[in-house]
Amino acid sequence: YTWLPLGLAVLRNIETIIREEMVKSGAQEVLMPVVQPAELWQESARWQKMGDEMLRMQDRHERDFCLGPTHEEVITDLFRREVQSYRQLPVNYFQIQTKFRDERRPRFGVMRAREFTMKDGYSFHLDQTSFDATYAEMYDCYSRILTRMQLDFRAVDADTGNIGGANSHEFHVLAESGEDTIVFAANGPYAANLEKAEAALPAATPAPQQGLEKVATPGVKTIADLCAQLELPAAQTLKTLMVVADDGLAAIVLRGDHDLNETKAAKLQGIRTPLQFAGENDIRTTMQAAPGSLGPITCPVPIFVDREAAALADFSCGANEDGYHYIGANWQRDCELEDQQVVDVRNVVEGDPAPDNQGALKFLRGIEVGHIFQLGTTYSTAMNASVLDQDGNSVAPIMGCYGMGVTRLVAAVIEQNHDDNGIIWPAPLAPYQVHLLALNYHKSENVKTATDALYQECQEQGINVLLDDRDERPGAKFADADLIGIPHRIVVGERGLKNSMVEYKRRSDPSAQDVPLAEVLDRIG
RNA sequence: CGGGGCGUAGCGCAGUCUGGUAGCGCACUUGACUGGGGGUCAAGUGGUCGCAGGUUCAAAUCCUGCCGUCCCGACCA
């Protein structure tokens, strides 16, 4: 994508806000290389781990490089060469730069492109206390940045993805078109990405009331089939999914009405990452039954049971025999279950109880515009970055990293600030503050004189003004002004000038008002 | 990568089923009128119909292969 003048002006405004707030938070700006040597990425083992997402290249000597998708390796390399003493800590560096990621599926224009601008920052600390302070400062900094941009946003607990590390928070701009589902507690501060969100623990498993019985269920392939044939609610059934494990297959058991959370599943002990569902042939060979008739009772492979599924009594599940299911099944009596097999692997659903009695969970859609990570010593250890502490011991610094999608923010701002006629820029981001529309500029000497004088006055007052002096009809100018979305619009025309009036309108207001020419610039705050 | 759709003028599309003159809207050019919410009329410019092969007297249209692109699913700022 090429940024045209108006879009570029907005992009620069966003960069300026980010820069100001980062500096205010004690970070220092640097600029790192786009082309990065493979050796650095081999040290952190991410040369393999990043897979196809990394854009790779070779130079004339056939040495391997990549176009930087992120800069943990480069900053850690910089750190280990430049910083030796705990006295130099903490440090916090950031840059605003083009990143390259060979996305599986670029979409929504600049919202997810293979090439984008990101603000990325990295901090180094001697101890956890210092790190915690900076992490909290960055959290505040991100909140200030998004607030200055007048965005409606939420910070949520998040999964760390392939950046790694312990804990992380995402900053989401709320929008229906967002690609992420974010989860909130109705009566408390709990908020998380759906990938990460948990519900409160279920109540203890009730005692069995029914005996185990095997029933014929010819043709039943899905939970819906099963519920229809046995007249059971889906919440009283189990579904069994087969995934590829490090050694053969493994079974993941969920309540029939729940969905698998693939992010959580990929982290289970012994499960292959990224998560891969088993093929039908492998399932048949291993289980002696086809998908649709699978279950945990007499299952020949390791089983993981979602804790909601583990809290059921008298449930129905596949019998591992084509065309048969069990009813009245119960854990322990019919299928032994150890504590470590009971896990959280489902997506929460709206209405689930939130953790810590914070009411029911609710969902919203969000655009992820920022993500801050607690990296710990993952990179400093892998890449031998260390400082000497007060006692002369070599210590691996604790790291944090802080990303913000600059180009994505432009798109996110528009998502939250538009109507049917076009963009409505928040004033701090607008490419111009005033849109001066001259009607019949090329025909009317009065209009031309008054407009030129007003334009001159704007410039003298330091008001950032865009003059539409094109030889277009008024309708076309009004339509373009709405589309472009500059906050203040002043219309100069013969009709008003007869009374020394011009028309003033805010882009966000529904209607315009006539204002004396001499006073109109006072309206612009 | 898997599943689906689409490639015809700068853009958006019709025409393809049923082979026979390549069309419509917007945009663009010129002129006249018009002039406070995307104007009207008139005259124009612009296309090896994605590429390659095949069938046919004849291919945008039928057949084969390739390429591109968009949408839907598994990832991330």
Side-chain angles (χ1 to χ4, degrees), chain A residues 14 18 49-54 68-71 94 96-121 142 145-146 153 158-164 168-173 178-180 193-195 243 259-263 265-266 273-277 279 366-373 401-412 420-422 437-444 447 468 470-483 489-498 501-503 505 511-512 514:
Chain A
I14 292 174
I18 292 174
K49 213 167 157 187
M50 293 288 287
D52 292 336
E53 202 177 305
M54 190 145 75
T70 175
H71 281 70
F94 77 98
I96 295 176
Q97 194 196 44
T98 304
K99 295 280 186 281
F100 298 84
R101 293 183 190 174
D102 194 353
E103 290 280 349
R104 173 175 290 164
R105 190 150 101 77
R107 54 185 145 178
F108 309 134
V110 98
M111 193 72 89
R112 178 182 298 283
R114 288 197 177 93
E115 181 180 330
F116 61 99
T117 306
M118 176 162 133
K119 188 287 295 177
D120 50 323
Y142 274 37
I145 290 167
L146 299 176
F153 69 95
D159 180 69
T160 54
N162 66 17
I163 302 275
S168 76
H169 289 90
E170 288 172 346
F171 288 78
H172 284 266
V173 169
E179 294 186 83
D180 284 271
N193 193 305
L194 180 62
E195 288 178 346
V243 299
D259 286 329
L260 181 69
N261 181 310
E262 298 189 23
T263 305
T273 307
L275 192 70
Q276 207 181 330
F277 288 99
I367 300 167
E368 184 193 351
V369 296
H371 201 160
I372 58 177
F373 299 85
C401 91
Y402 318 98
M404 189 165 251
V406 182
T407 40
R408 179 178 284 181
L409 271 166
V410 179
D420 289 345
N421 295 323
L437 265 62
L439 307 184
N440 282 317
Y441 183 88
H442 294 269
K443 293 271 172 62
S444 163
V447 169
D468 185 352
R470 296 174 301 163
D471 188 13
E472 290 287 347
R473 300 174 59 82
K477 293 193 176 199
F478 290 130
D480 284 342
D482 287 346
L483 188 64
R489 189 187 77 185
I490 298 171
V491 180
V492 181
E494 276 285 358
R495 205 177 67 187
L497 282 181
K498 282 176 192 158
M501 303 285 273
V502 294
E503 182 195 280
K505 179 181 176 297
S511 57
D514 289 332

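Letters go in sequence order (proteins before strands), and every chain restarts at 1.
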As its Watson-Crick or G-U partner within any shown strand, both distances under 3.5 Å, A32(B) has U40(B)

From CE of Met111(A) over to P of A77(B), roughly how many Å is that when rounded to an integer? 15 Å

From NZ of Lys99(A) across to C1' of C75(B) the rounded distance in Å is 18 Å

Set of residues satisfying side chain to side chain donor-acceptor pair (under 3.5 Å) with respect to Asp180(A), sequence neighbours excluded: Asn193(A)

Looking at residues at least two apart in the chain, or sitting in another chain, which of them share a side chain to side chain donor-acceptor pair (under 3.5 Å) with Glu494(A)? Ser444(A)

Checking His172(A) now: which residues fulfil ring pair (Phe, Tyr, Trp, His ring centres under 6.0 Å) with it, not counting sequence neighbours? none

Return the polar atom pairs (N/O with N/O) between nucleotides 3-7 of chain B and the protein under 3.5 Å, or none.
none

Could you pull out all residues at least two apart from Glu195(A) that satisfy salt bridge (charged side-chain N to carboxylate O under 4.0 Å, His left out)? none

Would you please name every residue forming a salt bridge (charged side-chain N to carboxylate O under 4.0 Å, His left out) with Lys119(A), sequence neighbours left out? none

Sequence-distant partners of Arg112(A), side chain to side chain donor-acceptor pair (under 3.5 Å), two or more places apart: Glu103(A), Glu179(A)

What one should report as the nearest heavy-atom pair of Tyr142(A) and Gly370(A) is CE2-CA, 4.1 Å

No-H, no-angle donor-acceptor pair, Arg112(A) side chain to C76(B) base, under 3.5 Å: yes

Give the B/S/- string for nucleotides 69-74 of chain B, one per nucleotide from 5' to 3', where a protein heavy atom under 4.0 Å of the base yields B, of only the sugar-phosphate yields S, and otherwise -. ---BBB

Separation of atom CD in Glu170(A) from atom P in C75(B), rounded to whole Å: 13 Å

Which atoms of nucleotides 36-38 of chain B (N or O only) lie under 3.5 Å from a protein N or O atom, and what are those distances?
| residue | atom | partner | partner atom | Å |
| --- | --- | --- | --- | --- |
| G36(B) | O2' | Arg495(A) | NH1 | 2.9 |
| G36(B) | O6 | Gly493(A) | N | 3.2 |
| G36(B) | O6 | Gly493(A) | O | 3.4 |
| G36(B) | O6 | Gly496(A) | N | 3.4 |
| G36(B) | N2 | Glu503(A) | OE1 | 2.1 |
| G37(B) | O6 | Arg489(A) | NH1 | 2.9 |
| G37(B) | O6 | Arg489(A) | NH2 | 3.1 |
| G37(B) | N1 | Asp482(A) | OD2 | 3.3 |
| G37(B) | N2 | Asp482(A) | OD2 | 2.3 |
| G38(B) | O4' | Gly475(A) | O | 3.4 |
| G38(B) | N2 | Asp480(A) | OD1 | 2.7 |

Is a donor-acceptor pair below 3.5 Å formed from side chain Asp180(A) to base C76(B), judging by atom type as modelled? yes

Rounded distance (Å) that lies between atom P of C75(B) and atom CZ of Arg114(A): 17 Å

Taken in chain and number order and not counting sequence neighbours, the residues that satisfy ring pair (Phe, Tyr, Trp, His ring centres under 6.0 Å) with Tyr402(A) are none

Set of residues satisfying side chain to side chain contact (heavy atoms under 4.5 Å, CB included) with respect to Met111(A), sequence neighbours excluded: Phe108(A), Ile367(A), Arg408(A), Ala411(A), Glu415(A)

Nearest whole Å is fine: how far is A77(B) P from Glu103(A) CD? 9 Å

Tell me every residue that passes side chain to side chain contact (heavy atoms under 4.5 Å, CB included) with Glu472(A), counting only those two or more places apart in sequence or in another chain. Arg470(A), Ala476(A), Lys477(A)

